[in-house]
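Some notes on the structure that comes next.
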Amino acid sequence: MSTQNLPLKGIKIIDFTHVQAGPACTQLLAWFGADVIKLERPGAGDVTRSQLRDIPDADALYFTMLNSNKRGLTLDTKTPAGKEVLEKLIKESDVMVENFGPGALDRMGFSWEYIQQLNPKMILASVKGFSDGHHYEDLKVYENVAQCAGGSASTTGWWKGENSEPTISAAALGDSNTGMHLAIGILTAYIGRQQTGKGQKVAVSMQDAVLNLCRVKMRDQQRLERLGYLEEYPQYPHEMDAFKDKVTPRGGNAGGGGQPGWILKCKGWQTDPNAYIYFTVQGHAWEPICDAIGKPEWKTDPAYTTPKARQPHITEIFATIEDWLKDKTKFEAVDVLRKFDIPCAPVLSMKELLRDESLRKSGSIVEVQHPVRGSYYTVGSPIKFSDLKPQVTASPLLGQHTDEILGELGYSKDQIATMHAMKVV
Ligand code: COA
């Protein structure tokens with residue numbers, strides 16, 4: 001909560017979410033000014049408060065990094081008194097976001113039909129593993145399950161050798177990515193409501209959100225079925241067997257677009273697991289690449305002058321660049337290559353990112369004060385505005401704002417005390 005006049009100020013959101021997918025969505029909206037009320041079960045709260053704790057009895061970083069800028073309300077919504085509070089909240093709010101297992105909200109008595117009766121302007125936003133009507137719609141889903149169901153795992157990793165099984169990405173493609181899609185859906189429904197006066201249900205499935213980011217692999221599948229090979233994959237042209245079943249193969253660290261690329265070793269790789277750069281052989285940058293790596297003769301050699309001519313030699317080209325890299329750290333290498341306008345970057349470790357001065361300066365990594373755990377670092381808004389600099393504030397303690405929120409709903413001090421005594425809040 002900031003003193004700035006933030007664009008989403010005045011939008012009231014019931015944040016009935018847990019773990020990562022839902023909280024990432026509502027946190028984004030809270031950064032931009034929405035009043036986000038994190039609704040949790042009394043006593044326990046979101047499971048991430050206690051998962052992977054690094055300080056005894058303090059909310060875990062898993063929770064604090066996904067729930068900043070929110071207010072905290074505890075409420076047992078399965079009790080009659082708790083249901084009544086939720087009904088009041090629904091009547092006064094604009095959006096309710098949830099990511100419970102399939103059917104949980106209905107079982108609690110808050111079907112979409114009932115929510116609409118309570119507040120026809122309400123936008124109900126849901127994350128589920130699979131979309132409504134999907135043959136797996138009943139499944140509960142976590143991150144890695146979604147990565148497998150959405151096409152990411154089958155297309156990530158190595159295609160041969162000991163570790164050639166489908167591979168999970170460390171990026172939260174199933175969780176936070178789905179939350180970001182949902183945030184776009186909520187804002188779209190909100191703008192739609194300004195035109196129609198009516199709310200609507202917005203849903204994003206984790207499978208769909210992963211698939212949306214894997215669209216280039218679906219492009220490749222269709223090309224493969226038509227052509228029988230994928231010329232930019234490392235298997236082409238020396239391992240054509242990889243294409244015989246016409247299933248998009250895993251491509252290791254190959255570039256996903258029309259530019260061949262690979263992760264290359266730099267000085268110190270023997271002891272530093274991240275002493276690498278990503279190097280892209282962009283078509284029109286071929287001549288600068290030859291100059292940068294000391295191979296001017298490749299500029300006129302017909303075996304190298306076009307992307308098609310280079311493809312059979314791509315492994316040899318990368319090996320030559322790696323030889324050039326062997327006496328340069330990843331940072332030194334990038335400093336040379338940037339002068340030649342070659343698309344590249346060091347492989348950065350989490351340790352390096354956490355200490356990166358540019359990320360601190362831009363607000364992409366911020367330091368936050370928390371009443372129990374002290375100071376910690378978290379990600380700030382990756383979206384930058386010219387007239388808005390979102391301030392990240394601490395996540396709420398369990399039930400921190402319960403009395404304040406119940407007071408705003410019109411409950412008296414005595415009624416609130418009774419709810420505490422009955423463990424409704
Ligand atoms: N008061 C009373 N009951 C509450 C409550 C509250 N404040 N908050 C939650 N509950 C209840 C729910 O009503 C539900 O009860 P029910 O199963 O008896 O109907 C239960 O707590 C939560 O169930 P569920 O969401 O299924 O939790 P889970 O721990 O078994 O499963 C997930 C966790 C993430 C697998 C599941 O929620 C899911 O598949 N969510 C959708 C996909 C998703 O978002 N996954 C990624 C999370 S990062």
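For the numbers below, each heavy atom of this structure counts, side chains included, while hydrogens, waters and symmetry mates do not.
- Atom OG of S164 sits about 10.5 Å away from atom CH2 of W159, to the nearest 0.5 Å.
- Within the 3.5 Å criterion, the main-chain N or O of L230 finds no donor-acceptor partner in the side chain of R223.
- Across every non-hydrogen atom of T167 and G157, the tightest pair is OG1-CA, 3.7 Å.
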Worked check of side chain to side chain contact (heavy atoms under 4.5 Å, CB included) between W158 and N253: CA-CA 8 Å; W158 248 250; N253 289 321; 3.3 Å; yes

Assess whether side chain to side chain contact (heavy atoms under 4.5 Å, CB included) is satisfied between D15 and L39, documenting all intermediate values. CA-CA 6 Å; D15 181 18; L39 198 173; over 6 Å; no

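- Taking CD of E332 as the start and CG of L337 as the end, the distance is 11.5 Å to the nearest 0.5 Å.
- At least one donor-acceptor pair under 3.5 Å links the side chain of Q27 to the backbone N or O of M65.
- No side-chain heavy atom of F110 sits less than 4.5 Å from a side-chain heavy atom of L124.
- Residue pairs satisfying the ring-ring contact (aromatic ring centres under 6.0 Å, His included) criterion with at least one member in residues 206-260, sequence neighbours excluded, are listed as follows: Y229-Y236.
- Between V202 and I123, the closest side-chain pair of non-hydrogen atoms falls below 4.5 Å.
- The backbone N or O of E231 lies less than 3.5 Å from a partner atom in the side chain of Q311, making a donor-acceptor pair.
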Residues T48, Q20; criterion side-chain hydrogen bond (donor to acceptor under 3.5 Å, both in side chains); working and verdict: CA-CA 8 Å; T48 59; Q20 182 173 170; over 6 Å; no

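- Taking all atoms of both residues into account, the shortest heavy-atom contact from A309 to P312 is O-CD, 3.2 Å.
- To the nearest 0.5 Å, the span separating CD1 on I115 from CG on N119 amounts to 9.5 Å.
- Not one N or O on the side chain of K295 forms a donor-acceptor pair closer than 3.5 Å with the backbone of A292.
- E322 meets the side chain to side chain donor-acceptor pair (under 3.5 Å) test with no other residue; sequence neighbours excluded.
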Would you please test R338 and D341 for salt bridge (Lys or Arg N to Asp or Glu O under 4.0 Å) and show each step? CA-CA 5 Å; R338 71 201 299 184; D341 221 8; over 6 Å; no

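- The backbone N or O of S349 sits less than 3.5 Å from a side-chain atom of E352, completing a donor-acceptor pair.
- If you take CG on L8 and CG on L187, they are separated by 6.0 Å, rounding to the nearest 0.5 Å.
- Heavy atoms from other residues, nucleotides or ligands lying under 6.0 Å from NZ of K198 number 12 at most.
- Screening K70, K38, R41 for a salt bridge (Lys or Arg N to Asp or Glu O under 4.0 Å) involving D46 leaves a single residue, K38.
- Within the 4.5 Å cutoff, no side-chain heavy atoms of D76 are placed close to those of V425.
- A donor-acceptor pair under 3.5 Å is absent between the side-chain atoms of E92 and the main chain of L409, judged by distance alone.
- Every residue two or more places apart in sequence or in another chain was checked for a side chain to side chain donor-acceptor pair (under 3.5 Å) with E137, and none qualifies.
- A donor-acceptor contact shorter than 3.5 Å is absent between the side chain of K339 and the backbone of V334.
- Here the shortest heavy-atom pairing between Q369 and S375 reads NE2-CB, 3.4 Å.
- For the pair I11/L29, no side-chain contact is recorded, criterion being any heavy-atom separation below 4.5 Å from C-beta on.
- Taking a 6.0 Å sphere around CE of M240, one finds it holds more than 12 heavy atoms contributed by other residues, nucleotides or ligands.
- Pairing each heavy atom of P260 with each of I314, the nearest pair is CB-CD1, 3.8 Å.
- A cation-pi geometry, defined here as NZ or CZ lying under 6.0 Å from the six-membered ring centre and within 45° of its normal, does not hold between K326 and W324.
- Under the 4.5 Å side-chain criterion, counting only non-hydrogen atoms from C-beta, W262 is in contact with P234.
- With 3.5 Å as the limit, one finds a donor-acceptor pair spanning the side chains of Q221 and T248.
- By the 4.5 Å heavy-atom criterion applied to side chains, V368 and T64 are not counted as neighbours.
- Separating the SG atom in C25 from the CD1 atom in I184 is a distance of 9.5 Å, to the nearest 0.5 Å.
- A donor-acceptor pair is defined here as one N or O able to donate and one able to accept, closer than 3.5 Å; such a pair exists between the side chain of T26 and the backbone of G22.
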Take R71 and E408 through the salt bridge (Lys or Arg N to Asp or Glu O under 4.0 Å) test and state the conclusion after the steps. CA-CA 13 Å; R71 295 198 286 166; E408 287 166 10; 2.9 Å; yes

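- Across every non-hydrogen atom of G151 and C214, the tightest pair is C-SG, 3.9 Å.
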Let's go through I14 and I90 carefully: what are the C-alpha distance in whole Å and the side-chain angles of both, what is the deciding distance for side chain to side chain contact (heavy atoms under 4.5 Å, CB included) to 0.1 Å, and is it a yes or a no? CA-CA 8 Å; I14 306 168; I90 289 174; 3.8 Å; yes

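- Counting only residues at least two apart or in different chains, salt bridge (Lys or Arg N to Asp or Glu O under 4.0 Å) contacts with residues 184-195 comprise D94-R193.
- Other residues, nucleotides and ligands contribute only 12 or fewer heavy atoms inside 6.0 Å of the NE2 atom of H284.
- In this structure the side chain of T305 never reaches within 4.5 angstrom of the side chain of W298, judged on heavy atoms.
- With a 6.0 Å cutoff to the six-membered ring centre and a 45° limit on the axis angle, R310 counts as a cation-pi contact of W286.
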Run the side chain to side chain contact (heavy atoms under 4.5 Å, CB included) check on V97 and I13 step by step: do they pass? CA-CA 7 Å; V97 190; I13 300 181; 3.8 Å; yes

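- Listed by first then second residue, pairs satisfying ring-ring contact (aromatic ring centres under 6.0 Å, His included) with a partner in residues 5-44 read F16-F100, H18-F100, F32-F385, not counting sequence neighbours.
- A donor-acceptor contact shorter than 3.5 Å is absent between the side chain of Q207 and the backbone of A146.
- There is a side-chain donor-acceptor pair under 3.5 Å between S126 and E98.
- Residue pairs meeting the salt bridge (Lys or Arg N to Asp or Glu O under 4.0 Å) criterion with at least one partner in residues 364-376, sequence neighbours excluded, are D54-R373.
- The closest side-chain heavy-atom distance from H134 to S131 is below 4.5 Å.
- Here the straight-line distance linking atom CD of Q147 with atom CG of L173 works out to 4.5 Å at 0.5 Å rounding.
- Of all the heavy atoms in K267 and T329, the pair that sits closest is CB-N, 3.9 Å.
- For D301, the CG atom is densely surrounded, since the number of other residues' heavy atoms within 6.0 Å is greater than 12.
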Under the criterion salt bridge (Lys or Arg N to Asp or Glu O under 4.0 Å), I'd like the reasoning laid out for D59 against R49: C-alpha separation, chi angles, the key distance, then a yes or no. CA-CA 5 Å; D59 287 332; R49 284 191 186 268; 2.7 Å; yes

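- At least one donor-acceptor pair closer than 3.5 Å links the side chain of Q391 to the backbone N or O of K389.
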